[in-house]
Trainee: 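Just dropping this structure here.
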Amino acid sequence: MAVSDQDKRSDRVADATTAATGNGGELHQQADGGHPEITTNQGVPIADNQNSLKAHDRGPSLLEDFIFREKMTHFDHERIPERVVHARASAAHGHFELTESLAEFTTAKLFTEVGERTPVFCRLSTVAGSKGSRDTPRDVRGFATKFYTKEGNYDLVGNNMPVFFIQDAMKFPDFVHSIKPEPDRAYPQAAAAHDTFWDFISLTPESMHMIMWAMSDRALPRSLRMMEGFGVHSFRLVNAEGQSTFVKFHWRPRLGMQSLLWDEAVKIAGADSDFNRRDLFETIQSGKALPTWDLAVQLFTEEEADGFPFDHLDATKLVPEELVPLRVIGHMVLDRWPDNFFAETEQVAFCPANVIPGIDFSDDPLLQGRIFSYLDTQLIRLGGPNFQQIPINAPQCPFANHQRDGFMQMQVPKGRVNYEPSSLDADQPTPRETARGFRSFAAPTRPGPKTRLRPESFADHYSQARQFYRSQTPIEQAHIAGGLVFELSMVETVRIRAAVVGHLRHIDEDLAQRVATGLGLPDLPPAPESARPVLDLPPSPALGLIANMKDTLEGRAIGILIDDGSDAAAIEALRQAATAADATVKLVAPKVGGATLSDGKHTAADAHLGGAPSVIFDAVAVVLAAEAAQRLCAEGAAVDFVSHAFAHLKAIAVDEGGRALLRRAGIEADAAVVDATDVESFIQYAKTRQWEREPKVRMLP
Ligand code: HDD
């Protein structure tokens with residue numbers, strides 16, 4: 001039966017009210033200022049966007065339907081290749097403000113003009129997973145910042161860990177292949193816990209330092225706002241006299257660091273696979289506890305570097321803060337979510353080769369390879385050489401040259417001169433012989449034969465790994481051991497498990513023993529030969545995570561479980577105290593419509609109990625009337641709400657009803673399980689995890 005004219009009309013009306021803008025072109029505003037008119041990409045008004053053209057009402061579709069073909073063809077081409085690594089990410093706009101000038105060391109205005117605000121776009125990613133993978137795998141996080149400076153775009157493309165798995169870019173494709181899903185079975189997604197990764201690692205001793213970081217809770221950030229960032233490599237700053245100083249960049253979160261527990265991360269993956277993205281979006285929309293990092297630098301000369309007991313050109317080494325202290329020079333605030341995910345977060349193209357006058361590269365062989373790789377990857381990913389013209393990639397300062405044509409050229413250069421030098425057009429861009437232009441630092445090169453040798457100075461693979469492990473608190477050490485036991489338990493080849501434990505013996509015998517015991521290995525495997533004696537470097541407190549957490553609730557979340565009859569005054573007191581401590585509060589109820597509280601008023605819930613388990617909160621409260629408590633004792637999600645909060649070392653506030661739920665969950669209250677009326681204690685406990693509870697709720701290796 002044909003659709004009636006009446007139906008067609010209402011279809012069209014409904015469509016028009018939600019009309020999109022076509023393909024990013026100008027909106028076709030109605031003369032009366034009403035909604036935009038939907039058109040084809042050629043600007044032809046579309047009369048019916050719901051029905052394709054057919055020979056008759058039940059007849060075959062007609063090839064001449066250019067409106068259908070255009071719409072479908074564009075849809076068929078909507079996807080571009082995802083990044084081979086760092087595909088999953090969230091990003092935001094913001095600014096960087098300089099507070100201390102580095103004019104003594106660099107000509108880069110970004111770092112010399114105090115008070116200057118430079119626009120930035122910052123993309124924070126996981127590494128191994130695909131674009132649609134979960135936010136909370138055990139993984140390194142990418143920390144890429146594009147500074148739109150007055151002297152061109154500067155990209156600082158770092159990670160949330162200061163070292164890397166390999167020393168030479170030549171190994172990068174193998175490393176990435178090994179961590180990605182295995183090529184025959186196409187799993188596991190977003191996980192290092194499988195044979196090929198650990199096979200590669202067991203044969204790559206230089207990775208051991210990074211493995212310590214990756215097995216620590218730094219690989220499980222609670223929020224992208226609560227992790228550090230590092231430029232990793234040494235770069236050069238070059239001043240007006242042409243002198244160079246090495247620099248390492250550090251981003252330090254104003255909210256302090258916070259991490260998830262592994263069991264929590266696993267459960268969050270199911271409860272909210274967009275956990276970190278949602279957190280970033282919601283916080284930027286709210287304008288509170290905005291993502292803010294101080295930018296700090298470590299500066300050292302070539303001569304100082306020559307005296308370090310390691311080679312700073314080796315990206316598996318860090319420069320301890322005790323050796324070269326950090327200087328905070330400014331801060332970055334992210335305060336604007338992108339208007340369109342694809343146009344900005346997906347199409348942004350970072351390149352470590354994007355430096356500006358006054359900043360230059362070091363000879364780190366990992367960095368040298370990156371200088372090539374990123375531009376190359378953008379050419380295939382974004383389809384050709386004009387990707388710089390995409391708004392998110394274009395500089396915000398004037399730019400001009402004679403690069404022409406190519407796929408998707410958006411500019412319309414005028415005139416006959418597309419070369420330089422030229423005498424035909426005096427207005428053509430030419431270099432200016434001023435200090436403004438980029439000039440590479442005139443680093444002396446050593447005479448000698450070409451070689452593929454790794455330098456001797458890169459040969460110590462274990463000393464800094466040991467230093468990292470021994471700088472951790474006992475809890476953090478247990479978590480590293482636990483991470484290793486889990487990961488290696490997922491490795492099917494027993495020989496590989498044993499080989500990794502062999503390497504651990506060089507780092508710390510006790511760690512190796514704990515992991516061997518956790519894996520049920522009958523004997524401690526032999527340690528492979530180490531090219532260098534392993535040094536006992538002094539512990540560095542800066543390497544710890546717990547030591548760098550802040551006792552604050554700012555930017556964190558409290559969940560309050562309520563139901564009909566819950567004590568309205570108690571809920572209000574908790575809410576007020578948490579809000580005063582700068583936390584967000586969500587009311588969780590068995591019905592999302594809410595509950596009628598003790599004061600007879602109906603209160604809407606922020607979340608349904610089934611969709612808001614306690615893993616998504618930093619601390620929880622349970623305020624229940626006796627009858628509701630009895631009901632919820634028979635609801636698994638409610639019992640899990642408290643038992644998981646307890647097992648994840650969170651503070652819990654309960655009234656009588658809440659206590660009934662605790663009893664049902666078999667929880668023996670400790671100091672951080674407080675009465676709901678003791679709001680002050682609850683807020684105090686909620687600021688940190690209850691680490692001392694951990695041995696009672698978890699078998700630590
Ligand atoms: Fe890389 C992406 C960080 C080594 C090759 N890398 C990428 C991103 C980050 C990093 C944050 C995502 C950028 C974005 O958000 O779009 N990569 C690092 C760090 C490294 C590192 C901190 C070591 C210190 N990377 C590295 C090496 C190579 C690459 C040695 C190759 C020689 N990285 C790439 C890439 C990617 C990339 C294949 C994938 C997508 C992209 O570049 O744009 O070119």
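When a ligand or atom number is given, it counts from 1 through the structure's own listing order.
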Trainee: Output the distance between atom CZ (Phe441) and atom CG (Asp360), rounded to the nearest 0.5 Å.
Mentor: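 Spacing of CZ (Phe441) from CG (Asp360) equals 8.5 Å.
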Trainee: Please work out whether the ring planes of Phe175 and Phe200 are parallel, tilted or perpendicular, with thresholds of 30° and 60°.
Mentor: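 Tilted, since the angle between the ring planes falls between 30° and 60°.
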Trainee: Distance alone, cut at 3.5 Å: any donor-acceptor contact between the side chains of Ser234 and His312?
Mentor: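 Note: Ser234 and His312 side chains meet the donor-acceptor criterion.
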Trainee: Let's go through Asn393 and Gln378 carefully: what are the C-alpha distance in whole Å and the side-chain angles of both, what is the deciding distance for side-chain contact (heavy atoms from CB on, under 4.5 Å) to 0.1 Å, and is it a yes or a no?
Mentor: CA-CA 11 Å; Asn393 295 322; Gln378 312 308 356; over 6 Å; no
Trainee: Which atoms of ligand 1 are found less than 4.0 Å from any heavy atom of Leu366?
Mentor: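 Per the distance check, 23 (C), 24 (C), 30 (C).
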Trainee: Between ligand 1 and Arg123, is the shortest N or O to N or O distance under 3.5 Å?
Mentor: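 Arg123 vs ligand 1: N/O contact under 3.5 Å present.
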Trainee: Could you pull out, from Arg381, Gln378, Arg83, the option with a heavy atom nearest to atom 43 (O) of ligand 1?
Mentor: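 Closest candidate by heavy-atom distance is Gln378.
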Trainee: Which of the numbered atoms in ligand 1 are below 4.0 angstrom from a heavy atom of Ala169?
Mentor: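 Ligand 1 atoms under the 4.0 Å threshold to Ala169: 32 (C).
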Trainee: Can you confirm whether the side chains of Asp217 and Ser259 place a donor and an acceptor under 3.5 Å from each other?
Mentor: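 Distance-only check fails for Asp217 and Ser259.
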Trainee: To the nearest 0.1 Å, how far is atom 11 (C) of ligand 1 from its closest protein heavy atom, and which atom is that?
Mentor: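 Result for atom 11 (C) of ligand 1: Gly158 O, 3.2 Å.
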Trainee: Should you measure from each heavy atom of Phe350, which atoms of ligand 1 turn up under 4.0 Å away?
Mentor: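 So the atoms of ligand 1 that pass are 13 (C), 14 (C), 15 (O), 16 (O).
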Trainee: Relative to the ring of Phe121, is the ring of His93 parallel (under 30°), tilted (30 to 60°) or perpendicular (over 60°)?
Mentor: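 Taking Phe121 first and then His93, their aromatic rings sit tilted (interplane angle of 30° to 60°).
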Trainee: Pull out every atom of ligand 1 sitting under 4.0 Å from any heavy atom of Val84, numbered as shown with elements.
Mentor: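 Reading through ligand 1 atom by atom, the close ones are 38 (C).
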Trainee: Which is closest to atom 22 (C) of ligand 1 in terms of heavy atoms, Leu375, Val176, Asn159, Leu382?
Mentor: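 Checking each option, the heavy atom nearest atom 22 (C) of ligand 1 is found in Asn159.
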Trainee: Between Phe249 and Phe235, how do the two ring planes meet: parallel, tilted or perpendicular, split at 30° and 60°?
Mentor: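 It falls in the tilted class, 30° to 60°.
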Trainee: Which of the numbered atoms in ligand 1 are under 4.0 angstrom from any heavy atom belonging to Val232?
Mentor: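 Listed by number with element: 22 (C), 24 (C).
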Trainee: Checking side-chain polar atoms at under 3.5 Å, does Trp198 have a donor or acceptor matched by the opposite partner on Glu487?
Mentor: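 Short answer, yes.
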Trainee: Between Ser540 and Glu321, is any side-chain donor less than 3.5 angstrom from a side-chain acceptor?
Mentor: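 Their side chains do not contain a donor-acceptor pair, so the 3.5 Å distance test is not met.
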Trainee: Give a yes-or-no answer on whether the side chains of Arg123 and His86 include a donor-acceptor pair shorter than 3.5 Å.
Mentor: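 Their side chains do not contain a donor-acceptor pair, so the 3.5 Å distance test is not met.
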Trainee: Is a salt bridge present between Asp279 and Arg222, judged by a nitrogen-to-oxygen distance below 4.0 Å?
Mentor: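 Between Arg222 and Asp279 there is a salt bridge, with a charged N closer than 4.0 Å to a carboxylate O.
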Trainee: Of all the heavy atoms in Ala89, does at least one lie under 4.0 Å from an atom in ligand 1?
Mentor: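 Flag not set, Ala89 not near ligand 1.
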Trainee: Report the part of Phe230 in contact with ligand 1, treating N, CA, C, O as backbone and CB onward as side chain, heavy atoms under 4.0 Å; options are side chain, backbone, both, neither.
Mentor: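 The answer is neither; Phe230 stays 4.0 Å or more away.
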Trainee: At distances under 2.8 Å, what protein N, O or S atoms surround atom 1 (Fe) of ligand 1?
Mentor: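 Atoms qualifying: Tyr374 OH.
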Trainee: Are there over 12 heavy-atom neighbours, none belonging to Arg236, within less than 6.0 Å of that residue's CZ?
Mentor: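 Counting neighbours around CZ of Arg236, more than 12 heavy atoms of other residues, nucleotides or ligands fall under 6.0 Å, so yes.
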Trainee: Near Phe143, which atoms of ligand 1 are under 4.0 Å from a heavy atom of that residue?
Mentor: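 Taking each heavy atom of Phe143 in turn, ligand 1 has 11 (C) under 4.0 Å.
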Trainee: Considering only non-hydrogen protein atoms, determine which one is nearest to atom 41 (C) of ligand 1 and report residue, atom name and distance to 0.1 Å.
Mentor: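 It is Thr377 CG2, 3.4 Å.
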